[in-house]
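As structure tokens, the structure follows; a few thoughts come after it.
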Protein chains: 2
Amino acid sequence: MEKNAEIQQAVDNYDAVKQIFTEYLNRTKHRKTPERYSILKEIYTRPGHFDIETLYIRMKNNRYRVSRATLYNTMELLLESGLVVKHQFGQSSAQYEKCLCFQPHDHAICLKCRKVIEFCEPRVGEIEKTLLQTFGFRASSHSLVFYGICEDCSKDGQADFEKKD
Amino acid sequence: MEKNAEIQQAVDNYDAVKQIFTEYLNRTKHRKTPERYSILKEIYTRPGHFDIETLYIRMKNNRYRVSRATLYNTMELLLESGLVVKHQFGQSSAQYEKCLCFQPHDHAICLKCRKVIEFCEPRVGEIEKTLLQTFGFRASSHSLVFYGICEDCSKDGQADFEKKD
DNA sequence: ATCCCTGCAAAGGGTTTGCAGACGC
DNA sequence: GCGTCTGCAAACCCTTTGCAGGGAT
């Protein structure tokens, strides 16, 4: 329980993450370039989801000079090292998220304000078991996304729905 | 129970679907063009998932003349009429599937052979309820996809894993 | 000094759009 | 005949690729 909190804190700490990344780069014989570390830093010092274009703009505003090509390239390494996860919500551009993958979690996206809610769902694990029993399918990962209306937007526009009695 | 079977048969029947589509076109004041019906027919007389390019080739081989633009356009109508659902697995092209949406279902995709398994999961509905209670989020739809190795591919390549005792 | 990595720009693939002609209404 | 739908091709967006120069090792 408290161990999880510790881990989570480590995740938010750039130095710890930097070390993990360095080990990954050493292990896979990739060069430790300043661009790669500045990208990692930018990702880990900001909360939430982001796409490549957003990250590109953010880094540009922070006086870093990185090309989109390098961003795509580096995201690949971060994905493989498990420091980042990638989501493909709908048909728009891919969304990335910092994560050490200790806790796979799921998402609910508001169709009005595009807000993303994150939550953990142990029952998904049970569904996985059923999948194995029924089809012999061994799941290694999953994606669960709910689309709907969040609480705030529910209050705003659909107040009439509530009155219905 | 048996009613479901009846419904399912109706779904597979082009004439029944044609009528539903016609009603939709009337209701929404869209024109009933031959292209739209031939697309609907092509979709409903073949099983499984497909993408636009596959559908385009298939129709070309069947002496139908439709452009990709019309396919995209018509898919939009079929989506809105509930006769087709759209999936975005990964970052490749969108996958479509015939469906009257009586039974929303989920998918498991084999990372080796790309086979898609379909299954229904009532527990997802329970997760939806939790989402409403916890965050006040009203889900209107969802997407649940498992990635892993199917039974067949498990036998092929990972036989060693089974022996482990 | 090697040769991987970077930045730039062009190419690529899927989807959308603009336009002129066709045809459902 | 009016106004929408079609086919074609160009435009579009996100992502990948090719190439020459630069920097990590």
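All chains are named by letter (A, B, ...) in the order of the sequence lines, taking the proteins before the strands, and each is independently numbered beginning at 1.
- The distance between atom OH of B:Y37 and atom P of D:dT6, rounded to the nearest whole Å, is 12 Å.
- Distance NZ (A:K29) to C1' (C:dC5): 17 Å, rounded to an integer number of Å.
- In the helix from C:dA1-D:dT25 to C:dC25-D:dG1, the rotation axis of the first five pairs and that of the last five pairs differ in direction by 30°, rounded to 10 degrees.
- One atom, OH of B:Y96, and another, P of C:dT15, lie 6 Å apart when rounded to the nearest Å.
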Sequence neighbours left out, cut at 3.5 Å: what donor-acceptor pairs do the side chains of residues 46-54 of chain B make with other protein atoms?
from	atom 1	to	atom 2	distance (Å)
B:R46	NE	B:E42	OE2	3.1
B:H49	NE2	B:E97	OE1	3.4
B:H49	NE2	B:H107	NE2	3.3
B:D51	OD1	B:E53	N	3.4
B:D51	OD1	B:T54	N	2.8
B:D51	OD1	B:T54	OG1	2.5
B:D51	OD2	B:S93	OG	3.3
B:E53	OE1	B:R68	NH1	2.7
B:E53	OE2	B:R68	NH1	2.8

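- Taking every side-chain heavy atom of B:R36 into account, D:dT6 is the closest of D:dT6, D:dT15, C:dG14.
- One N or O on the side chain of B:S81 and one on the backbone of B:L77 form a donor-acceptor pair closer than 3.5 Å.
- One interatomic measurement links the two molecules: OH of A:Y56 to P of D:dC13, which rounds to 16 Å at whole-angstrom precision.
- Looking at B:Y56 and B:K60, their side chains do bring a donor and an acceptor atom within 3.5 Å of each other.
- For the segment residues 58-73 of chain B, the set of residues with a heavy atom within less than 4.0 Å of an atom of DNA chain C comprises B:A69, B:Y72, in numerical order.
- A straight line from CG of A:L25 to C1' of C:dC4 spans 13 Å, rounded to a whole angstrom.
- Between A:Y24 and A:E80 the shortest side-chain heavy-atom distance falls below 4.5 Å.
- Rounded to whole angstrom, the span from the CG atom of B:L55 across to the P atom of C:dG14 amounts to 15 Å.
- A cation-pi arrangement is absent between B:K32 and B:Y37, since the terminal nitrogen or guanidinium carbon is not both under 6.0 Å from the aromatic centre and inside a 45° cone about the axis.
- The distance from atom CD of A:E76 to atom P of C:dT6 is 13 Å, rounded to the nearest whole Å.
- In this structure, the separation between NE2 on A:H142 and CG on B:D106 is 11.5 Å, given to the nearest 0.5 Å.
- The distance from the CD atom of B:E35 to the OG atom of B:S67 is 8.5 Å, given to the nearest 0.5 Å.
- Not counting sequence neighbours, A:F137 has no partner by the ring-ring contact (aromatic ring centres under 6.0 Å, His included) test.
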(request) Produce a footprint string for nucleotides 19-25 of chain D: one letter per nucleotide, 5' end first; B if the base is under 4.0 Å from any protein heavy atom, S if only the sugar-phosphate is, - if neither. (result) ----BBS
Per-pair distances, 0.1 Å, donor-acceptor, side chain in residues 124-134 of chain B, under 3.5 Å, sequence neighbours excluded:
from	atom 1	to	atom 2	distance (Å)
B:T130	OG1	A:R123	NH2	2.6
B:T130	OG1	B:E126	O	3.1
B:T134	OG1	B:T130	O	2.7

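- A:F89 has its CZ atom 17 Å from the C1' atom of D:dC14, to the nearest Å.
- For B:K112 and B:D152, the salt-bridge test fails: no basic side-chain N is under 4.0 Å from an acidic carboxylate O.
- Distance check: B:H105 NE2 to B:E121 CD gives 13.0 Å after rounding to the nearest 0.5 Å.
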